[in-house]
Amino acid sequence: MDLSTLNPQQARAVRHGEGPILVLAGAGSGKTRVITTRIAYLISRGVAPENILGVTFTNKAAAEMRERVGHVVPRDVAKRVNLGTFHALGVRLLRAEIGHLGFDPRFTILDEADKRRVMRDVLKELRLGADRSEQRVLAIVSKAKNARTSPARLPEAKYNPEMPRAQKVFDLYNRQLRNLNAVDFDDLLLLPTRIFDERPDVRDAYRERFRYVLVDEYQDTNPIQMHLLSQLVGPPYNLMAVGDDDQSIYGFRGAVADNILRFGDHYPGTTVVALEQNYRSVGAVLDLANAVIAKNTARHPKRLWSQYDSGEPVRLVEYDDEHAEAEGIAELIVRTVRDEGRAYDAFAILYRSNGQAASLEEALRQQSVPYRMLGGQSLFDRKEIKDTLAYLRLLLNSRDELSLRRVINFPPRGVGVMTLSRLDERAKEQGRRFGDVVFEALDEPGAIEPKAVDKVRELFRLLDTARTRLRTAPGHDLSEIARDLVKGLRLEEAVRSAEKNPNIARIRWQGVEELLDRLDTFAASRSAWAALDDYVQIVTLDTSNTGRERDEEGEPRVTLATMHSSKGLEFPIVYLCGLNDGVLPHENALDEGSSGVAEERRLFYVGVTRARERLTLTRYRLREVRGSRERCPQSRFLEDIPPGLLDLSDAPAVASAEEQRATNAMNFARMRALLDD
DNA sequence: AGTAGAGGCGTTTTT
DNA sequence: CGCCTCTACT
């Protein structure tokens, strides 16, 4: 196999034999290339593709990996390699093995909204949280699951006045999920580890299967993921971990950057390879990146270098406010496209939080700049889409109570809250399933509003018919089955009449059509049931499914993305906006103290290192906070940059952030005094 | 049972 | 400022 295009460090990593290896890969140092080449190398050495497992964190990364493996080995061979996200791997393991825990393998994966509803009911049941504190409680639950601990042991739970009975809430929530035959996102990782803990024989079967494991973005692993990996990898520990501690930006999700720093402790005899040569960015960008990250302590010291020219200096531009900033960036893009003949897809605008996207979108639209947005709100956040999806879920899992509840009265069937709570009561009393109770109540006079009975019967009948067809039909009938169901339900009429504005109604229905269209792409050569199962799974797992992404082909577009979702990508020209204290670093992170600030700094570093040729940083003076505007100091990170690394000609000197903070505090105190009088 | 209006809440990042 | 929820009304 030809490895001559790799640098010596890359080649060493690729050629590594058996045993654990850690690849410390700086930004832009060709880590994806190392992983894909190693997969090809292993195959060339006689390892069966089925025995290789490549794990990533995001669906985007998994897709790219698959694509690139397809370039280095024949297509049909590439297909046999196991590639996917941690969560997709979890689903696969659970579909096969969840029986060991007493779940039905047709379990449902809860999305964010479902989860909230379950937790809401739990809090109500325990007579806790009269207000809507369920997301805070859920955050604690999620943290506990990710840390493989009980919530009672989390300091957050102990000191959180909203959650005096953390353990009880946690237990009831989990019990509730089991009743629903449902799992949440964290369970996709947690439950497999539980199965492997209880059944070493099952675990060993997978060890046998996944002889070589490669993990991308290892710095983002949290304790469950670590544990799952150590279960999956047995002697001689053929695990390749690739990552960069400087790009650890998922601490909020339980990631422990320490995992990568201490990989060698965990796997004695680890080979360590460091990739520091950057193949992406010009010198000016790298110098800035190095300067930014150097302020963080507790890191593997490293310094990116490159053979490229220094390029243009990185510019800092100041605007009046967020809107002026958005317009300014849009203008700069338009001008660059016009004067330099660049295509729109050469540009990316990156920001800290999704809220910042609004004014950018507005400005780009106004100046007719085509754009696409990564992440952000998904097509699947819309009510009518969720309703349709709930029907599809119901086909796969008739025990899916949440979906049944969601759609039992949409389209309206005359089943109101009164009826619903009566049925609920009965289900709880008799300890039976909601769906079964509903089904039986149909034959019982008075249990359900007479007007509603026929309609609910019709609902069950339609579901049954579709289910029967689904079980026997081939994959390419799936879309037709779904369409027949939707037609029978009169869903279109319901969706359209729920919206007064006819234009919006049309758009809403179009979304549903689009969802049904996508079913066709899942036809493949398998049963309709399997195809639908796959579809629903991918839809719940891939939150980056935006409506627009589909027509991404064709016209080149500017990319809008959060710094988080930009990780792993690169663009010739990058704008990092909102470099203001409270925005980046985010004010919530500031409350978390120095570790919070350090993570924000890494986030800044990730943003900077996305740029290949040209980088512009922007900040603004005035921030709008719920209507009123106030002065907003520049990001403290800008103050750490040595003079000379930034072109400041469009950024008037400002009072230091320290002084500005002091002024703000003084104004605040003065106002307080006025109010007190 | 379904709808319209008025409060109340809250706003990081993602699989 | 905008979204969602609860409540009172038809």
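Naming: A, B, ... by sequence-line order, numbering from 1 per chain.
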Whenever both distances are under 3.5 Å in a Watson-Crick or G-U wobble pair, mark it; put DNA chain B into dot-bracket that way, with [ ] for crossing pairs and | when the partner is on another strand.
|||||||||......
Grab the CG-C1' distance between A:Asp111 and B:dT14 for me, whole Å please.
14 Å
Would you kindly give the CZ-to-C1' distance between A:Phe410 and B:dG2, to the nearest whole Å?
14 Å
Under the 5.5 Å and 30° test, is A:His564 stacked on the base of B:dT13?
no
Sugar-phosphate, base or nothing in reach of A:Asp186, heavy atoms under 4.0 Å:
nothing
Tell me whether A:Phe252 and B:dT12 count as stacked here, given that the ring centres must be under 5.5 Å apart and the planes must differ by less than 30 degrees.
no
Would you say B:dA1 has OP1 or OP2 under 4.0 Å from some side-chain N or O of A:Thr419?
yes
To the nearest angstrom, the CD-C1' distance between A:Glu217 and B:dT14 comes to 13 Å
Rounded distance in Å between the C1' positions of C:dT5 and B:dT12
24 Å
Please name all residues satisfying ring-ring contact (aromatic ring centres under 6.0 Å, His included) with A:Phe604, sequence neighbours left out, ordered by chain then number.
A:Phe637
Between A:Gln356 (side chain) and A:Ser353 (backbone), is there a donor-acceptor pair under 3.5 Å?
yes
Quickly work out the A:Lys145 NZ to B:dT15 C1' distance and round it to whole Å.
14 Å
Looking only at atom P, what distance separates C:dC4 and B:dT13, rounded to whole Å?
16 Å
Under 4.0 angstrom between A:Asn354 side-chain N/O and B:dT14 OP1 or OP2
yes
Can you measure A:Glu587 atom CD to B:dT13 atom C1' for me and round it to whole angstrom units?
14 Å
Return no unless some side-chain N or O of A:Asn59 is found under 4.0 Å from OP1 or OP2 of B:dT14.
no
Below 3.5 Å, does any donor atom in the side chain of A:Arg352 face an acceptor in the base of B:dT13, or the other way round?
yes
Distance test, side-chain N/O of A:Thr562 to OP1/OP2 of B:dT12, below 4.0 Å
no
Measuring to OP1 and OP2 of C:dC6, would you say a side-chain N or O of A:Arg120 lies under 4.0 angstrom away?
yes
Would you say A:Glu97 and A:Tyr206 are linked by a side-chain donor-acceptor pair, where the criterion is simply a distance under 3.5 Å?
yes
Whether the side chain of A:Arg413 engages the backbone of A:Ile408 through a donor-acceptor N/O pair (distance < 3.5 Å, no angle test) should be reported.
yes
Checking all strands, does A:Phe86 fall into the base, sugar-phosphate, or nothing category for heavy-atom contacts under 4.0 angstrom?
nothing
Quick check against the 3.5 Å criterion: does A:Asn580 have a side-chain atom that pairs as donor or acceptor with the backbone of A:Tyr620?
yes
From NE2 of A:His323 over to C1' of C:dC1, roughly how many Å is that when rounded to an integer?
11 Å
Could you point out which residue of A:Lys295, A:Arg299, A:Lys567 forms a salt bridge (Lys or Arg N to Asp or Glu O under 4.0 Å) with A:Asp246?
A:Arg299
Specify the separation, in whole Å, of atom CZ of A:Phe185 and atom P of B:dT14.
13 Å
A:Lys143 NZ to B:dT15 P, in whole Å, measures 19 Å
Between A:Arg413 and A:His586, name the one whose nearest nucleotide on DNA chain B is closer to the 5' end.
A:Arg413
Using the test salt bridge (charged side-chain N to carboxylate O under 4.0 Å, His left out), find all partners of A:Glu362 that sit at least two apart in sequence or belong to another chain.
none
Would you mind checking if A:Lys115 and A:Asp111 are paired as a salt bridge, meaning a charged N to carboxylate O distance below 4.0 Å?
no
